[in-house]
**Q** 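Pasting in a structure now, in structure tokens, and then I'll have a few things to ask.
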Amino acid sequence: MATTQSTAAVAAPRSPYGRRKTTRGNYELYSWVFMRASGVVLVVLVFGHLFVNLMVGEGVSAIDFAFVGGKWSSPFWQVWDLLMLWLAMFHGTNGVRTIINDYAQRDSTRGVLKGLLYLAFAIVVVLGTLVIFTFDPCPANADPELLASFCTA
Amino acid sequence: MPTAPAGTLYRGREGMWSWVAHRVTGVLIFFFLLVHVLDTALVRVSPEAYNAVIGTYQTPIMGLGEAGLVAAIVFHAFNGIRIALVDFWAKGPRYHRVMLWVVVGLFVVTMAGFLPRHLMNVFGGGH
Ligand code: HEM
Ligand code: HEM
């Protein structure tokens, strides 16, 4: 029956040596570098965030709407939080992606988990970004007692 | 098809445990961050809504939870720097074990600076 042999799979003699076809680009390499670079920057951003919110003044017990109003009326903290949001979400999502790849063995399980992961990423990054830029520290009809002191001054 | 990892000969000592701890803390912080951005978003609903939810966090139990979260992030951060040094510093691999003890030392010092003040804010007079 199958006597005709296919020669297509065998490379012609003395054709140039090619190790393998790269089909995925260098994505994993860049992601590996990114984890390390973003980590170094995140140390500064997250430690700064924790110090200002937990150590200065009365720490956690002082956090309320007026506290956030005070911080986000300054472009400095807006940019700080925006950078922290984006870097931490890219870093964390990429890390969890690695973990899913390690443990989820069936293609379908892996697909579903990664789908959920990317959905969560998109929702949190979009929502967090909008919140920073649409925030109003002194909303019009709010109880002045709850606002930062500069709203009434 | 990858198959289930059966009995393995990999019994890395410090290297393996620091890897496990790095992984566990990373996932923990990630899930915290998802919730954290959602509850911070309440500032766009109303001052009352934000204060109400943050108020339910300002309890001794949550205060201890925050201490745990900070511990997780402090370890993950210092150990993350160690990982980068192992990978990029020529002598990193040789000193990876020494550096783990440096990480543990820095962790203890940082937490010793953080915990008393945080616990005072949580349990102490404050409000
Ligand atoms: C118990 C510890 C923490 C407390 C009490 C806390 C508190 C707060 C508060 C009050 C805000 C409002 C804005 C501001 O103050 O800058 C905020 C925003 C934010 N925090 Fe935290 N935080 C904590 C831990 C963390 C950690 C560990 C991370 C990073 C992984 C983080 C990431 C963020 C981000 C990205 C925002 C901006 C959210 C947005 O864009 O809507 N926080 N946090
Ligand atoms: C504070 C500064 C941080 C530093 C220095 C840091 C450093 C690192 C490094 C170097 C890796 C790569 C490990 C590897 O490739 O083997 C990593 C992994 C990871 N990080 Fe971070 N990170 C930081 C903050 C965060 C934050 C805020 C999150 C969560 C939002 C996070 C979640 C993760 C996760 C889930 C992994 C994957 C762990 C694994 O594959 O085993 N990290 N981190």
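Per chain, numbering begins at 1; letters A, B, ... match sequence-line order. Just so we're clear, the structure is a prediction, and the values are computed from it rather than from any experiment.
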**Q** In terms of heavy-atom proximity below 4.5 Å to chain B, should A/Asn141 be classed as side chain, backbone, both, or neither?
**A**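 For A/Asn141, no heavy atom lies under 4.5 Å from chain B.
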
**Q** For B/Ile54, is it the side chain, the backbone, both, or neither that has a heavy atom closer than 4.5 Å to a heavy atom of chain A?
**A** side chain

**Q** Answer yes or no: is there a donor N or O on one side and an acceptor on the other, between the side chain of B/Asn121 and the main chain of A/Leu54, under 3.5 Å?
**A** yes

**Q** Where does A/Leu85 contact chain B at under 4.5 Å (heavy atoms): side chain, backbone, both or neither?
**A**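 The answer is the side chain of A/Leu85.
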
**Q** Crowded around B/Ile61 CD1? As in, over 12 foreign heavy atoms under 6.0 Å?
**A** no

**Q** Please flag which part of A/Leu147 lies under 4.5 Å from any non-hydrogen atom of chain B: side chain, backbone, both or neither.
**A** side chain

**Q** For A/Thr93 and B/Phe30, what are the C-alpha separation, side-chain angles and deciding distance, and is it a side-chain contact (heavy atoms from CB on, under 4.5 Å)?
**A** CA-CA 8 Å; A/Thr93 304; B/Phe30 181 74; 3.6 Å; yes

**Q** Using the side-chain contact (heavy atoms from CB on, under 4.5 Å) rule, take B/Val74 and A/Phe47 through it: C-alpha gap first, then chi angles, then the decisive distance, then the call.
**A** CA-CA 8 Å; B/Val74 168; A/Phe47 279 28; 4.2 Å; yes

**Q** Can B/Asp87 and A/Met35 be said to form a side-chain contact (heavy atoms from CB on, under 4.5 Å), step by step?
**A** CA-CA 12 Å; B/Asp87 290 340; A/Met35 287 310 271; over 6 Å; no

**Q** Mind checking the CZ-CZ spacing from B/Phe88 to A/Arg36? Nearest 0.5 Å is all I need.
**A** 6.0 Å

**Q** In terms of heavy-atom proximity below 4.5 Å to chain B, should A/Val60 be classed as side chain, backbone, both, or neither?
**A** both

**Q** Can you tell me which portion of A/Val124 sits under 4.5 Å from chain B's heavy atoms? Options are side chain, backbone, both or neither.
**A** both

**Q** What is the distance from atom CG of A/Asp143 to atom CD of B/Glu48, rounded to the nearest 0.5 Å?
**A**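 Reported to 0.5 Å precision, the distance equals 6.5 Å.
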
**Q** Of the backbone (N, CA, C, O) and the side chain (C-beta and beyond), which part of A/Phe51 lies under 4.5 Å from a heavy atom of chain B, both, or neither?
**A**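 Looking at A/Phe51, nothing touches chain B.
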
**Q** What part of A/Ala142 gets within 4.5 angstrom of chain B, counting heavy atoms only: side chain, backbone, both, or neither?
**A** side chain

**Q** Heavy-atom cut-off 4.5 Å, strictly under: side chain, backbone, both or neither for A/Leu50 against chain B?
**A**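 A/Leu50 touches chain B through side-chain heavy atoms alone.
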
